[in-house]
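Since the structure comes first, as structure tokens, the remarks are kept for the end.
Computation of the quantities below employed the complete heavy-atom set of this structure, encompassing side-chain atoms and omitting hydrogens, waters and symmetry-equivalent molecules. Proteins come first, then strands; the chains are lettered A, B, ... in the order of their sequence lines, and each starts at number 1.
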Amino acid sequence: MPSMSWSVLELLRKDPEALKEHVRKRLMDVSIVDKAREIDTAWRKFQTEINEVRHRHNVISEKIAKASPEERQRLVEEAKRLLGQLQDMEKRMKELDELWEKTIRSLPNIVHESVPVGDESASKPIRVWGKARVYKEHLDQFLEETAKKGVEMDYEVIEWKPIGHADMLENVLGLGDTEKASEVAGSRFYYLFDDIVWLDMALLWYAVDFLTQKGYTLVIPPYMLRGFVITSVIDYEGLKDAIYKIEGEDLYLIGTAEHSLAALHMGEEIDEDLLPLKYVGISPSFRKEAGAGNRDLKGIFRVHQFHKVEQFVFSLPEQSWEIHEELIRNAEELFKGLGLPFRVVNIASGDLGAPAAKKYDLEVWMPAQGRFREMVSASNDLDWQSYRLKIRFVRRKGRVKGYVHTLNSTGIASTRTITAILENNQDPEGVVEIPKILRKYLEPFAKAPKDYIYPRKKSASAKSF
RNA sequence: GCCGGGGUCGCCUAGCCUGGUAGGGCGCCGGCCUGCUAAGCCGGUGGGGGAAACCCCGCGCGGGUUCAAAUCCCGCCCCCGGCGCCA
């Protein structure tokens, strides 16, 4: 029988040293490989043992059905004896099963050969786009993050210091209130008003419009998932502090539409002719952000809830690397459309999440902070998620089955993109220019801003020359 | 939320009352046959372990009764219909 199994499990059995190399690249303790191998071997051995006893019991059980009354009594006694022996073994098997499951599921994905090896600092910028506005005192930092890392990015030095997105939102524009939100919900929540709300929704429509035109199927997914599902699509042990749970129920708020989109074909067999299946989901994302400490506490850069348009693809194994490039290119096109200067980074092995074999981040230059900040993350998870969710493809020829590959990428995450617009598109007077490409998504609404968002208590005529 | 009906190997379906190897159809895969195609015929078509022979597990999920559970009992999930409630 052609065995069809998870690529990582296959590697564990056939070439543990190679798997160790992948784990080592992630800067994780490689002893998990030996431990997993030990448990896997013991699990398989015990399975054979228990099956032998079960077999003997089954043979006797079948005989009883046809046995004569006097023989019957003797056979039932024998069956009972075997059953007693089995009882202990079944208990042990259950423990081993759980240990095996837990151990195997804790293994991270392999690392693609094109991923730079090392910690965060090894992450490699591979492309840049746009002209960054660099405040004169940030020039060193800017060059450090571009030219020194091998990518030449266009820039202009500015003499005035742009106002940070948090100040822009709450003080200059007066269109957000995180203090009141803190009182009623907690830190990292927000009230947004008027023009920023229009902007939020326009960004979402823009991404949805763009991606549906590329042939992606538009989806509103569940915003909560069962425990089994959420633990299958993320590294739950590592991320459980980031996920909200509904009290008293086996339900978890999604951290991104990726989670529910991955589950869309749970337990299914997909004909190869139907692949790749491309989806664009739109949903809120809920994140606890526990462990973020005081990072980005101000404003709406790092928050507990935001809206996001997400790309998600199920593909055949041989298609996934090409599609990974497609996803990041889609995101790049979206940000080019917005006119936001960015670099694309090939994330280092030590900074990859357990499900991802490779990840690109799209980072926009933030002129007030003097650094690049992540706006988009595009991952190829290979068969890591599909093995857990049992999503398979079937090839017509030869009826070959295998696990599909899954890929995900941000399209646009609204609040974070708004922070990028607030910092990049402000002028020295605090007027924010709305990206022209959003115009058509604002035009239908009488009260929506069209070209600029103006500072509060300043006459609109300030920019009307 | 209450009452009733249901969930079977990709899809459809039999088996459940009365416990004893899960049967059939469709689709698909392989083969035979065949100027070609179609039809027809034969075999295969859930998961795990094993080099293989073969073995185990599997009838929504989890328990229980029994030598033996798709079948009997209990809890849960989901679907359909009716009633109630409701943006």
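- Using a 4.0 Å heavy-atom criterion, one finds that Ala79(A) contacts the sugar-phosphate atoms exclusively.
- Between the CZ atom of Arg72(A) and the C1' atom of U66(B) there is a distance of 12 Å, given to the nearest Å.
- By the 30° and 60° cut-offs, the orientation of the rings of Tyr452(A) relative to Tyr454(A) is tilted.
- Judged by distance alone, the side chain of Ser414(A) and the main-chain N or O of Asp200(A) form no donor-acceptor pair under 3.5 Å.
- For Lys80(A), the listed nucleotide lying nearest its side chain is C67(B); candidates were C67(B), G63(B), G20(B).
- Classification of Glu77(A) and Arg74(A) as a salt-bridged pair fails, no side-chain N sitting under 4.0 Å from a carboxylate O.
- Judged by Watson-Crick or G-U wobble contacts below 3.5 Å, the nucleotide G1(B) has C83(B) as its partner.
- Mapping Ile64(A) and Lys45(A) onto RNA chain B via the closest heavy atom, the residue that lands nearer the 5' end is Lys45(A).
- One interatomic measurement links the two molecules: NE2 of His57(A) to P of G20(B), which rounds to 16 Å at whole-angstrom precision.
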Solution key, residues 27-38 of chain A side-chain donor-acceptor pairs under 3.5 Å, sequence neighbours excluded:
residue, atom, partner, partner atom, Å
Asp29(A), OD1, Ser31(A), N, 3.0
Asp29(A), OD1, Ser31(A), OG, 3.1
Asp29(A), OD2, Ser31(A), OG, 3.0
Asp34(A), OD1, Lys20(A), NZ, 3.0
Asp34(A), OD2, Lys20(A), NZ, 3.2
Arg37(A), NH1, Leu12(A), O, 2.9
Arg37(A), NH1, Arg13(A), O, 3.2

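- Across all strands, Ile60(A) comes closer than 4.0 Å to no nucleic acid atom at all (heavy-atom distances).
- Under a 4.0 Å N-O distance rule, the pair Lys308(A)/Glu310(A) qualifies as a salt bridge.
- Scanning for salt bridge (charged side-chain N to carboxylate O under 4.0 Å, His left out) contacts around Lys390(A) gives an empty result, with sequence neighbours left out.
- Rounded to whole Å, the separation between the P atoms of G20(B) and G10(B) comes to 24 Å.
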For nucleotides 74-77 of chain B, tabulate all protein N/O to nucleotide N/O atom pairs closer than 3.5 Å, reporting atom names and distance.
residue, atom, partner, partner atom, Å
C77(B), O3', Arg226(A), NH2, 3.4
C77(B), O2', Arg226(A), NH2, 3.2

All N/O contacts under 3.5 Å from nucleotides 44-46 of chain B to the protein, with atom names and distances to one decimal?
residue, atom, partner, partner atom, Å
U45(B), O2', Arg399(A), NE, 3.3
U45(B), O2', Arg399(A), NH2, 2.6

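- Here the P atom of nucleotide G64(B) and the CG atom of Leu83(A) are 12 Å apart, to the nearest Å.
- If you measure from atom NZ of Lys14(A) to atom P of G50(B), you get 11 Å, rounded to the nearest angstrom.
- For Thr178(A) and Glu170(A), the side-chain atoms include at least one donor-acceptor pair closer than 3.5 Å.
- Nearest-nucleotide positions on RNA chain B for Glu77(A) and Lys66(A) put Lys66(A) closer to the 5' end.
- In this structure, Lys390(A) places its NZ atom 11 Å from C1' of G48(B), rounding to the nearest Å.
- A donor-acceptor pair shorter than 3.5 Å can be found between the side chains of Lys358(A) and Ser114(A).
- A heavy-atom distance below 4.5 Å is found between the side chains of Arg54(A) and Asn51(A).
- Taking the charged nitrogens against the carboxylate oxygens, Lys45(A) and Glu49(A) do have a contact shorter than 4.0 Å, which makes a salt bridge.
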Protein and nucleotides 54-59 of chain B: nitrogen or oxygen contacts under 3.5 angstrom:
residue, atom, partner, partner atom, Å
C55(B), O3', His55(A), ND1, 2.7
C56(B), OP1, His55(A), ND1, 2.8
C56(B), OP1, Asn58(A), ND2, 3.2
C56(B), O2', Asn51(A), OD1, 2.5
C56(B), O2', Arg54(A), NH1, 2.8
C57(B), OP2, Asn58(A), ND2, 3.1

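- Between Leu75(A) atom CG and U66(B) atom C1' the separation is 16 Å, expressed in whole Å.
- Two residues are said to be in side-chain contact when any heavy atoms from C-beta on lie closer than 4.5 Å; Arg188(A) and Arg302(A) meet this criterion.
- Look at CZ on Arg395(A): it is 18 Å from C1' on G30(B), rounded to the nearest Å.
- Looking at heavy-atom distances under 4.0 Å, Ser61(A) makes contact with a base.
- Using a 4.0 Å heavy-atom criterion, one finds that Arg74(A) contacts no nucleic acid atom at all.
- Contact annotation: Arg44(A) side-chain N/O to G50(B) OP1/OP2 distance is under 4.0 Å.
- Glu49(A) places its CD atom 21 Å from the P atom of G48(B), with the value rounded to the nearest Å.
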Show which side-chain atoms of residues 215-224 of chain A pair as donor or acceptor with protein atoms under 3.5 Å away, not counting sequence neighbours.
residue, atom, partner, partner atom, Å
Tyr216(A), OH, Glu326(A), OE2, 2.6
Tyr216(A), OH, Asn330(A), ND2, 3.2

